[in-house]
Amino acid sequence: MSLHDFGSPTATSSPKHKPVKPQNHSNQRRSDIPLRIIVMNCQSIKNKRPELDNLVESIKPDVVIGNESWLHKDIQSSEVFPTGYASYRRDRKNDPHCGVFILVSDKYLSTEPPDLKRDDHYEQLWVKVQVKGTPDLYIGSFYKPPNETDDECLIQLDRTIQSIRQSENANIWLGGDFNLGGIDWDNYALKSKSQNTRQCKQLIDQCQDNYLEQVVQQPTHMTNTSQTILDLFFTNNSSLINKVEVIPGISDHEIVYVESSLRPKKVKKPPRKIYLYNKANIDEIKAKLNNIDIQKNTQHEENKSANSINTIWNDFKNKVLNIMNESIPTKTINNSKRRQPWINKEIKSMIRKRNKLFKRLKQNQNTKVIQKYKDIKHQIQKETRKAYWTYLENIICYDENTESHQKQKKFWNYVRNTKKDNSGVAPLRSEGLLIDDPKQKADLLNKQYHSVFTPENQDEHPPTLNDNYPSMAEIIVTSYGLEKLLKNLDHTKATGPDELPARILKQFASELSPHLAYIFNRSLTWGDVPDDWRHANVIPIFKKGEKYLASNYRPVSLTCICCKLLEHIVVSNILNHLDHFDILVDCQHGFQAKRSCETQLLTLCHELISNLHSGIQTDLVILDFSKAFDKVPHRKLLRKLDNYGIRGNTWNWVSAFLSNRLQQVVLDGEASCQMPVVSGVPQGSVLGPLLFLIFINDLPACVNSKTRLFADDCILYRPIYNNDDILILQNDLYSLASWEKNWGMQFHPEKCNSMSITRSRSPFKSTYTLKGHQLEPVNTAKYLGITLSSNMSWDCHINNISSKANKILGFLKRNLKIKQEHTKSLAYKSLVRSNLEYCSSVWSPHTKTNIKRLEDVQRRAARYVTNRYHNKSSVSSMIDHLNWQSLETRRNISRVTMFYKLTHNLVAINPTIYLTQNTFSRTRSTNSQQYQIFSTRTDYYKYSFFPFTVVLWNSLPNSIIHAPSLDQFKSLVQNHNFC
């Protein structure tokens, strides 16, 4: 479908303009193509993605002004709006049948001006677009509900337009559904017998006061008895409007199509070069890689000064890149939009028929033609949606027994891209100005990321450490071991500053491993690293909040893959040394084998519930570090490494790895200036997390109370028997503040909380302070993804996860309207059920209300997967058909599985601390590894992990508990009846 199918225009921009015939833009030069704008009333856009995609493909609008979107905050823009546009929207909270949005092509520089954001509940949205050689363009979207009799909505709109006019001499476009059909726009006067006369007169006055001209002259809403201009387009410079016409819409309103000669400023997006690996000459590459000789000038140690590790690495890297360029074809892509393949011949034929009927309607109103037009619009909508979902099902659906991994990857790519908005980096505010140039934005972001680093005082001596462990052995890299690492690489991993792709490293592991092993060993022996390995390309990812604030973008660092391989080897050796001498504190459960969030939460919650069961109050302080990973001082970290026995070549290598590091932000093909990384463990590295664990390892030793660590997540807690314990806990906070000062870290007191775990009617009252700031006492707090309550009830946590799971299920219903049950079931299990079962062994509920609340989510999911929504359909039969176990059964299985890990030393929890084996005589029918039942008097303790899981474990037969492996245990326990 092209614009020609809509027929000749019958509406002009104003009485001053003559009708302009549609032009064939395919034969025009790019600079001659006009700017295209459409104004559309959607009447719910969330279910009209196929129609919108088809419309955008056929018209290729640069700006879409929409209203009646009917969206809410749980619906991501990426679910409903096509790619290639920067999307701006405003949803009305108290009315689901409202909402406005604006889409601007991402080839133009656009932003939502912060000073035009309104806190009122009226539907208006404004976007600013930069224009070459003329004042900037302000685009507004407005919607007035038909039953809105309050004049305030138009008053607020008038105030916004006046503020734009007063601030600068700007071009103004305003489009939307005003629902004021009683105006004669030829004469800017009221029609006879018009409704809402007061608001109509108010709009006319505002239009004239602000020097705006309304350019739509043809009806946009037609019924069997009337035709009215409801959808309007205003401009303060009609000479820039070349054409206005009304074209078929996707609701009962038609679309206003506008062409303008305005030239917005374009974003320069450089083309990308990609390698065509499927056409590579594999044998030629292997032969050339085998012929690389990087050792010829470095046979003797004395050549170190003349042949530094940087020289050797650059020689190797350049040779590999040259081989790639010689033996692998390339092509340049410009990220052009592809056509929508689900629009088949039948749909195109119906579209042509609809446009002919629409052309007849504009010439002569006829009741039969109107009905035929409405019928074919409905049929097009139905067939377009059917074709879209059929196409999508063929793309993403797969059978795990027959289909390839490639289709599964397509499925997850679709879910990921639909679930999360990725609109790049918006124009950023700096010193009151909005910066939109990619290079300037990159520099501003890099400056923001650099500001969190803490320069180290070189004159300050690190604090004295008491321990002094033996030195670890030197590290030697073998070609065989390195080849195994190379073959296990994820070939989709992004390249770092060296531009060596993971696909080449993995595919030619045998040829590259000897060269890399030589470089790695030289690097370790000489205690030096190449410059590439100390550089990072930073990609900014939007978190939340205002998009114009650089602080709301999270830095994601891309480092060299080869360096990560050597880091992996170094980490493995350091961990062996730390484990051999039992150096890392037992309360740290982050980034270590056999430890996880679940092991941390299990032991912590058992201790809290046990104290609660014994009538003991436990005061708990949840601490928050400010930019913990970025503030680690390098000299003090190296001092701790030496204290723990990491010395010699390894210490020299880590020192070189941390020194002289640089980072730059890469954005839209532009790179910022490089800035030094003066503190912190390197983000995006393999070694960084382990270095942080070593740095924070002595924190528990400075307090008398207990601590729990998961990387930088820290909890300080203590049983409270009297007021002296409160004082001890407060003194521990003073000690932590002192530790923070000595080691260059920084707590964030405003984000730290205190909580008293007790059910006593007269608990000990306590107020804790950190760095002079009184900590906020709370009744609930989130820790490692679990909501802890002061009475250790899981009601709040279950409310949170069930609400989140229902939202995700709603996402699937909106975006996976397909027939194949297997694919929908996979999506439910991976996205919804996984949220319902995260660490469920810790918080598994025992009340019927909470059990039902969770099961109801699965019952809703069963209806979605089987597509059976009739109120008389049996959900139990659906669940049986899908072969789903109840969530309660799955939680029981999860508990005994964790118990199996615990008793077989597969997790870092000492079972003798919590469990006692039974010593009575056993028969063949009894469990030979039974444990003593806990004495309980309260349900919250009875159904906590250890007391309840012992009962479950004792009920298992010998054939299950003696399973030789975890996988076999999981397989056997699936069929066990826990009732």
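What you see is a predicted model; the values in this text were computed from it and never measured.
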Are [X] and [Y] within salt-bridge range, i.e. N to O under 4.0 Å?
X      : Y      : answer
Asp136 : Lys128 : yes
Glu51  : Arg49  : no
Lys46  : Glu79  : no
Asp91  : Lys73  : no

Given side chains that start at C-beta, do those of [X] and [Y] come closer than 4.5 Å, heavy atoms only?
X      : Y      : value
Asn179 : Pro145 : no
Ile38  : Leu55  : yes
Ile435 : Arg429 : no
Val244 : Gln217 : no
Asn242 : Ser260 : no
Lys356 : Lys353 : no

Does anything in residues 204-231 form a ring-ring contact (aromatic ring centres under 6.0 Å, His included)? List the pairs, not counting sequence neighbours.
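Residue pairs passing ring-ring contact (aromatic ring centres under 6.0 Å, His included), neighbours aside: His221-His253.
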
Is it true that the NZ or CZ of Lys266 lies under 6.0 Å from the centre of Tyr108's six-membered ring and within 45 degrees of the ring axis?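 No, Lys266 does not lie over the aromatic ring of Tyr108.
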
Identify, with sequence neighbours excluded, every residue that meets salt bridge (Lys or Arg N to Asp or Glu O under 4.0 Å) alongside [X].
X      : value
Asp62  : Lys107
Lys374 : none
Lys377 : Glu254

Could you walk me through whether Phe101 and Phe81 satisfy the ring pair (Phe, Tyr, Trp, His ring centres under 6.0 Å) test, starting with their C-alpha distance in whole Å, then the side-chain angles of each, then the deciding distance to 0.1 Å, before giving a yes or no? CA-CA 10 Å; Phe101 65 88; Phe81 298 134; 4.8 Å; yes

Please report the shortest heavy-atom distance between [X] and [Y], naming the atom on each side.
X      : Y      : value
Ile241 : Trp173 : CD1-NE1, 4.2 Å
Val127 : Ser110 : CG1-CB, 3.9 Å
Trp389 : Asn815 : CZ3-O, 3.3 Å

Q) When you look at Lys441 and Asp437, which way does the salt bridge (charged side-chain N to carboxylate O under 4.0 Å, His left out) test go after all the steps? A) CA-CA 6 Å; Lys441 287 196 295 185; Asp437 179 71; over 6 Å; no

Say you draw a straight line from [atom1] of [X] to [atom2] of [Y]; how long is it, rounded to the nearest 0.5 Å?
X      : Y      : atom1 : atom2 : result
Ser163 : Asp115 : OG    : CG    : 7.0 Å
Ile380 : Ile250 : CD1   : CD1   : 12.5 Å
Leu444 : Glu431 : CG    : CD    : 9.0 Å
Tyr864 : Lys824 : OH    : NZ    : 5.5 Å
Asn196 : Lys201 : CG    : NZ    : 15.0 Å
Leu232 : Leu203 : CG    : CG    : 7.0 Å

Evaluation steps, side chain to side chain contact (heavy atoms under 4.5 Å, CB included), between Lys243 and Val258
CA-CA 6 Å; Lys243 178 173 67 173; Val258 181; over 6 Å; no

Q: Describe, in one word, how the ring planes of Trp342 and Tyr388 are oriented to each other, choosing from parallel (under 30°), tilted (30 to 60°) and perpendicular (over 60°).
A: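 Plane angle over 60°, so perpendicular.
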
What residues form a side chain to side chain contact (heavy atoms under 4.5 Å, CB included) with [X], not counting sequence neighbours?
X      : value
Lys819 : Glu393
Asp375 : Gln371
Lys386 : Glu383, Thr390
Cys207 : Tyr188, Leu212, Phe234

Under the criterion side chain to side chain donor-acceptor pair (under 3.5 Å), which of Asn67, Thr220, Asn41 is the partner of Asp231?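 For Asp231, the side chain to side chain donor-acceptor pair (under 3.5 Å) check succeeds only for Thr220.
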
*Check the pair Lys144, Asp177 against salt bridge (charged side-chain N to carboxylate O under 4.0 Å, His left out), reporting the backbone distance first and the verdict last.*
CA-CA 7 Å; Lys144 188 193 81 65; Asp177 179 5; over 6 Å; no

[X]: what forms a side-chain hydrogen bond (donor to acceptor under 3.5 Å, both in side chains) with it, not counting sequence neighbours?
X      : result
Gln379 : none
Asn344 : none
Asp158 : Gln162, Asn210

Return yes if some donor-acceptor pair links the side-chain N/O of [X] with the main-chain N/O of [Y] below 3.5 Å, else return no.
X      : Y      : answer
Asn552 : Glu546 : yes
Tyr548 : Glu112 : no
Ser349 : Lys345 : no

Exercise for the section: Determine, step by step, whether Ser141 and Tyr88 satisfy the side chain to side chain donor-acceptor pair (under 3.5 Å) criterion, reporting the C-alpha distance in whole Å, the side-chain angles of both residues, the deciding distance to 0.1 Å, and the verdict. Expected result: CA-CA 10 Å; Ser141 180; Tyr88 307 89; over 6 Å; no

Under the salt bridge (Lys or Arg N to Asp or Glu O under 4.0 Å) definition, can you give me all pairs with a residue in residues 214-230, not counting sequence neighbours?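 Qualifying pairs: none.
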
* Asked: Could you walk me through whether Tyr257 and Ile37 pass the side chain to side chain contact (heavy atoms under 4.5 Å, CB included) check?
  -> CA-CA 6 Å; Tyr257 173 84; Ile37 309 98; over 6 Å; no

